[in-house]
Number of protein chains: 2
Amino acid sequence: MLILSTEKLPDECKRLLPNARDQFNEDDVPKADILMLWPLQAKVFLPKAKSVKAVQTFSAGVDDFPFSLLPKGVDVFSNAGAYSVSVAEHAFALIMTLAKGIGKRDRTFRPYPLTGVNLMVLGGGGGIGSEVARIGKMGFNMYVIGVSRSFKRPELFDEKHNISELKDIIGKADIIVDTLPLTKLTDGILNYDMLSRVKENAIIVNVGRGETVVEEDVYRLLKERKDVRFGTDVFWRKNGVEDFNSKLWELDNFTGTPHTGGAYGNDVVKTNAIIEACKNVYNYITSGKAENKVRIEDYL
Amino acid sequence: MLILSTEKLPDECKRLLPNARDQFNEDDVPKADILMLWPLQAKVFLPKAKSVKAVQTFSAGVDDFPFSLLPKGVDVFSNAGAYSVSVAEHAFALIMTLAKGIGKRDRTFRPYPLTGVNLMVLGGGGGIGSEVARIGKMGFNMYVIGVSRSFKRPELFDEKHNISELKDIIGKADIIVDTLPLTKLTDGILNYDMLSRVKENAIIVNVGRGETVVEEDVYRLLKERKDVRFGTDVFWRKNGVEDFNSKLWELDNFTGTPHTGGAYGNDVVKTNAIIEACKNVYNYITSGKAENKVRIEDYL
């Protein structure tokens with residue numbers, strides 16, 4: 001059982017996975033049973049990995065993974081949940097900056113109350129979504145509406161909906177947090193038609209993937225409706241690379257961060273995320289029951 | 001029993017206090033038993049209020065109240081607690097904006113984790129301080145250190161200290177929230193000597209009164225220590241008027257808002273605060289037991 005990792009493995013990983021190597025050369029790849037890597041790295045490794053049985057990503061999102069190169073029967077496991085606390089905090093930081101007008105020097109800005117308002121979490125069943133719901137409920141007594149395919153922590157939600165109902169219920173939310181993965185189903189789901197249904201003074205925050213929102217459409221909405229505010233940590237890719245330049249930065253009712261909510265910004269977060277990936281591989285090997293098995297049909 | 005109010009009273013106040021008038025002329029003041037007003041208005045009304053037995057302020061802070069004009073035996077009641085939820089939310093908005101670098105476009109900023117860190121609340125026993133502690137504990141599992149004379153909700157604090165111990169313990173805090181009223185004791189308490197003891201990467205936020213921090217000293221600290229971040233909703237008075245201009249705005253490790261955390265920014269917050277003041281006057285009249293009796297010796 002040979003496991004190859006493109007990231008240096010912390011000691012806890014080495015204890016769990018004594019057969020894992022974080023230093024290896026090209027000749028080792030055809031013998032590998034399990035690959036641990038970032039999605040874009042799979043383009044290089046997958047064609048050479050003739051014995052591979054499973055792939056574990058370090059990232060939570062796998063929309064960059066080259067699923068077309070994946071041999072039949074090879075499972076991919078994402079690292080969903082590994083960044084939940086950090087990204088959920090980040091989502092609330094975006095919400096609160098927009099709600100309270102932090103950094104605005106003139107007194108024309110009217111802060112917006114948070115306690116008790118309606119919080120809608122898109123992708124509310126996942127790791128990040130559940131933690132966003134928890135902070136909303138425990139910290140600010142919010143009424144929490146979840147929109148998701150499944151719910152890891154259903155007790156945190158006052159209402160649970162399927163994403164097919166979004167059009168009919170999006171107008172109920174004071175605050176909308178997008179934690180969606182980018183799949184065929186979610187690509188561009190927040191388009192002009194959907195966005196224009198939001199409540200007066202709505203705050204929309206994206207910590208999922210840029211492309212779940214249509215950039216032109218949210219720009220148009222923010223120009224037309226000064227009451228709506230939008231914040232994002234994730235941006236739209238140009239030639240496959242996330243581009244933090246956006247004309248949204250010109251707008252007064254926008255704020256953002258250049259994808260620093262997860263591992264990028266913090267070594268502790270990154271190390272913990274790698275350990276989570278190792279635990280999942282350990283469970284896969286010992287019990288065959290790993291978490292976050294990717295539904296490949298959502299992407300291909 | 002004649003009650004005069006300088007603010008228009010909501011219906012709930014009129015039910016509680018049928019003898020209260022929010023429209024009156026100068027001749028009514030000498031007959032008033034109770035005055036409801038903002039602290040600075042007392043300068044005009046107190047000298048004429050020959051029958052006054054008690055004064056209820058609409059504001060939580062009474063540092064602007066002209067205590068030297070107060071006849072002996074007249075009690076002053078503040079409206080402490082009436083803005084707690086709104087101001088505590090605002091404190092967290094300042095913390096989170098600074099912790100996560102919201103609005104910074106370049107990727108050099110490293111976000112700072114919030115969950116599980118040490119939160120120190122100065123004035124932690126009061127209404128705002130208790131609500132800050134609650135959000136920290138419930139929302140972000142923080143270890144909460146209270147520094148206060150008394151504690152309304154002691155169960156929210158992992159440690160409780162008197163303000164005389166501040167010098168010895170301030171270095172334990174990752175986040176410091178100043179909710180202090182401005183009194184003889186707290187004036188300039190966060191001076192250079194005190195501020196220079198803060199932990200690496202500390203975030204300091206002031207939602208109490210500007211003058212509890214020494215403006216020059218915090219400016220010096222932020223220049224010397226780029227790791228420390230400071231946010232404030234309250235500014236320093238010049239000629240008795242809070243002046244939102246400050247050279248702190250030039251600094252990258254500073255952010256603020258022009259005292260919009262309380263009633264200024266939100267009509268609902270203001271109306272609810274007036275109702276709180278009316279309830280307190282009602283309790284004073286019916287049972288003699290009103291809350292937030294001001295210790296005049298703290299100010300004179």
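Just so it is clear, the values below take in all heavy atoms, side chains as well, and ignore hydrogens, waters and symmetry mates.
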Next on the checklist: Could you check whether any side-chain N or O of B/R107 sits under 3.5 Å from a backbone N or O of A/T260, counting only pairs where one atom can act as donor and the other as acceptor?
Outcome noted: no

Tell me whether [X] at atom [atom1] has more than 12 heavy atoms from other residues, nucleotides or ligands lying less than 6.0 Å away.
X: B/E7; atom1: CD; answer: yes
X: B/K226; atom1: NZ; answer: yes
X: A/E291; atom1: CD; answer: no

Checklist entry - Pick from A/H90, A/M138, A/E89: which one has the most heavy-atom pairs with chain B under 4.5 Å? => result A/E89

Item to check | Any residue of residues 246-254 of chain B which, by heavy atoms, sits under 4.5 Å from chain A | outcome: B/S246, B/W249

Checklist entry - Which residues, numbered in order, of residues 93-106 of chain B come under 4.5 angstrom of chain A by heavy-atom distance? => result B/A93, B/L94, B/M96, B/T97, B/K100, B/G101, B/I102, B/G103, B/K104, B/R105, B/D106

Item to check | A/F92 side, atom CZ; B/F92 side, atom CZ - distance, nearest 0.5 Å | outcome: 12.0 Å

Checklist entry - Is any residue of residues 113-136 of chain A within less than 4.5 Å of chain B by heavy atoms, and which ones? => result A/P113, A/L114, A/T115, A/R134, A/I135

Atom pairs and distances, side-chain donor-acceptor, residues 206-213 of chain B, under 3.5 Å, sequence neighbours left out:
| from | atom 1 | to | atom 2 | distance (Å) |
| --- | --- | --- | --- | --- |
| B/N206 | OD1 | B/G208 | N | 2.8 |
| B/N206 | ND2 | B/R209 | O | 3.1 |
| B/R209 | NE | B/D63 | OD1 | 2.9 |
| B/R209 | NE | B/D63 | OD2 | 3.2 |
| B/E211 | OE1 | B/R237 | NH2 | 3.1 |
| B/E211 | OE2 | B/R237 | N | 2.8 |
| B/E211 | OE2 | B/R237 | NE | 3.2 |
| B/T212 | OG1 | B/D178 | OD2 | 2.6 |
| B/T212 | OG1 | B/R209 | O | 2.7 |

